[in-house]
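Hydrogens, waters and symmetry mates are skipped; everything else that's a heavy atom, side chains included, is used.
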Amino acid sequence: MSTDPRQLCRHCGLPIDPADRVVDSTQGEEYDFCCRGCRGAWQIIHSAGLESFYQRNDLQLQPSKEISAAQFDPHYLQNFITTSTTGSQISLIIDGIHCASCIWLIEKFLHQITGVHTARVNFATHRLLLCFDPDQVTIAELCQQLAQLGYLPRPYSQNEMRASLE
């Protein structure tokens with residue numbers, strides 16, 4: 001017995017609960033998603049020209065509705081930014097990283113945003129080093145973009161790092 005591909009989320013590949021099903025129509029085709037977060041991430045990935053993300057062998061997404069709805073306080077985030085003559089820099093812990101495909105997507109996506117100079121994720125620690133021009137993009141906007149992809153960024157601190165390891 002074959003599984004109807006419409007029962008699996010187009011973005012994460014997980015089964016779709018009929019009560020949560022979200023449908024998107026693009027160029028005359030209908031795509032099914034398990035939540036609005038996955039639909040949003042799929043739209044972002046496709047609009048950024050990063051469709052090859054779905055061809056990666058180690059893809060293991062697990063979307064979270066709470067992450068895509070996260071809010072980021074720019075005043076709080078400002079406490080973690082260092083500034084130099086080349087721009088601003090922040091280290092973030094990224095929750096939701098499962099594999100190398102996640103890192104590939106985060107780095108490729110961030111590098112396409114105007115004002116981002118560097119975006120490097122350490123797979124072992126899930127720590128993102130982000131260098132950017134605050135005159136072109138704010139850290140709150142960058143965090144919101146990451147959340148829409150399904151990843152939850154938090155400012156790096158020793159306490160946050162310990163909490164993420166628990």
Side-chain angles (χ1 to χ4, degrees), residues 9-14 20-24 26 31-54 56 59-84 86-123 125-161 163-164:
C9 179
R10 180 74 175 191
H11 175 66
C12 71
L14 294 175
D20 293 332
R21 181 175 173 239
V22 176
V23 178
D24 193 327
T26 304
Y31 300 104
D32 295 326
F33 301 92
C34 64
C35 66
R36 293 183 197 286
C38 276
R39 181 185 64 186
W42 184 85
Q43 290 172 331
I44 290 168
I45 290 166
H46 282 271
S47 68
L50 298 173
E51 295 88 354
S52 61
F53 171 72
Y54 295 105
R56 301 192 48 98
L59 180 62
Q60 298 175 6
L61 296 175
Q62 294 182 341
S64 168
K65 295 173 188 174
E66 294 80 28
I67 290 175
S68 61
Q71 300 293 314
F72 301 95
D73 179 359
H75 301 292
Y76 172 73
L77 293 170
Q78 193 64 38
N79 295 320
F80 298 91
I81 295 174
T82 58
T83 306
S84 70
T86 58
S88 294
Q89 179 175 307
I90 191 169
S91 286
L92 300 169
I93 297 171
I94 308 297
D95 290 338
I97 292 175
H98 300 283
C99 61
S101 289
C102 294
I103 291 172
W104 179 89
L105 176 61
I106 291 167
E107 290 178 349
K108 292 285 187 186
F109 180 73
L110 288 172
H111 278 115
Q112 292 190 358
I113 297 175
T114 301
V116 173
H117 304 303
T118 304
R120 287 191 311 248
V121 180
N122 180 306
F123 182 70
T125 63
H126 296 188
R127 188 172 171 184
L128 166 67
L129 173 63
L130 189 57
C131 301
F132 63 99
D133 180 348
D135 292 331
Q136 294 183 311
V137 64
T138 68
I139 189 57
E141 291 168 333
L142 292 170
C143 287
Q144 189 63 50
Q145 291 286 328
L146 286 168
Q148 289 175 350
L149 279 178
Y151 302 98
L152 182 61
R154 296 179 288 130
Y156 172 83
S157 70
Q158 291 296 327
N159 289 339
E160 288 292 331
M161 192 64 181
S164 71

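Using a 4.5 Å cut-off on side-chain heavy atoms (C-beta onward), Gln136 and Ile113 make no contact. Between Phe132 and Ile81, the closest side-chain pair of non-hydrogen atoms falls below 4.5 Å. Taking the side chain as every heavy atom from C-beta outward, Thr118 and Arg120 approach each other to under 4.5 Å. The shortest side-chain heavy-atom distance between Ile94 and Leu146 falls under the 4.5 Å cut-off.
Nearest approach of Cys131 to Gln89, heavy atoms of both residues: SG-OE1, 3.6 Å. Heavy atoms only, all atoms of each residue included: Ser91 and Leu129 are closest at OG-CD1, 4.1 Å. Residue Pro153 comes nearest to Phe72 through the heavy atom pair O-CE2, 3.6 Å, listed as atom of the first residue, atom of the second, then distance.
Each of Ile93, Leu110, Ile103, Ile97 was compared with Leu128 under the side-chain contact (heavy atoms from CB on, under 4.5 Å) criterion, and only Leu110 meets it.
Below 30°, between 30° and 60°, or above 60°: for Phe123 and His126 the angle between ring planes is between 30° and 60°, a tilted geometry.
Counting only distance, with no hydrogens or angles, the side chain of Glu141 and the backbone of Thr138 share a donor-acceptor pair below 3.5 Å.
How far CZ of Arg154 is from CG of Leu92: 10.0 Å, rounded to the nearest 0.5 Å. For the atom pair Gln43 CD and Leu149 CG, the distance stands at 12.0 Å (nearest 0.5 Å). Note that CD of Gln78 and CD1 of Ile139 are 9.0 Å apart. Values are rounded to the nearest 0.5 Å. The distance from the OH atom of Tyr151 to the CD atom of Gln145 is 14.0 Å, given to the nearest 0.5 Å. Between the CD1 atom of Ile45 and the OG atom of Ser52 there is a distance of 10.0 Å, given to the nearest 0.5 Å. The line from SG of Cys143 to CD of Gln148 is 11.5 Å long, rounded to the nearest 0.5 Å.
Under a cutoff of 6.0 Å and an axis angle of 45°, Arg127 and Tyr156 form a cation-pi pair.
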Could you give me the CA-CA distance, side-chain angles and deciding distance for Phe80 and Tyr76, then say whether ring-ring contact (aromatic ring centres under 6.0 Å, His included) is met? CA-CA 8 Å; Phe80 298 91; Tyr76 172 73; 5.2 Å; yes
Could you walk me through whether Thr82 and Ile90 pass side chain to side chain contact (heavy atoms under 4.5 Å, CB included), step by step? CA-CA 7 Å; Thr82 58; Ile90 191 169; over 6 Å; no
For side chain to side chain contact (heavy atoms under 4.5 Å, CB included), just list the numbers for Tyr31 and Val23, CA-CA rounded to whole Å, side-chain angles, deciding distance to a tenth of an Å, and then say yes or no. CA-CA 6 Å; Tyr31 300 104; Val23 178; over 6 Å; no
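Salt bridge absent: Arg10 and Asp32 never bring a charged side-chain N and a carboxylate O closer than 4.0 Å.
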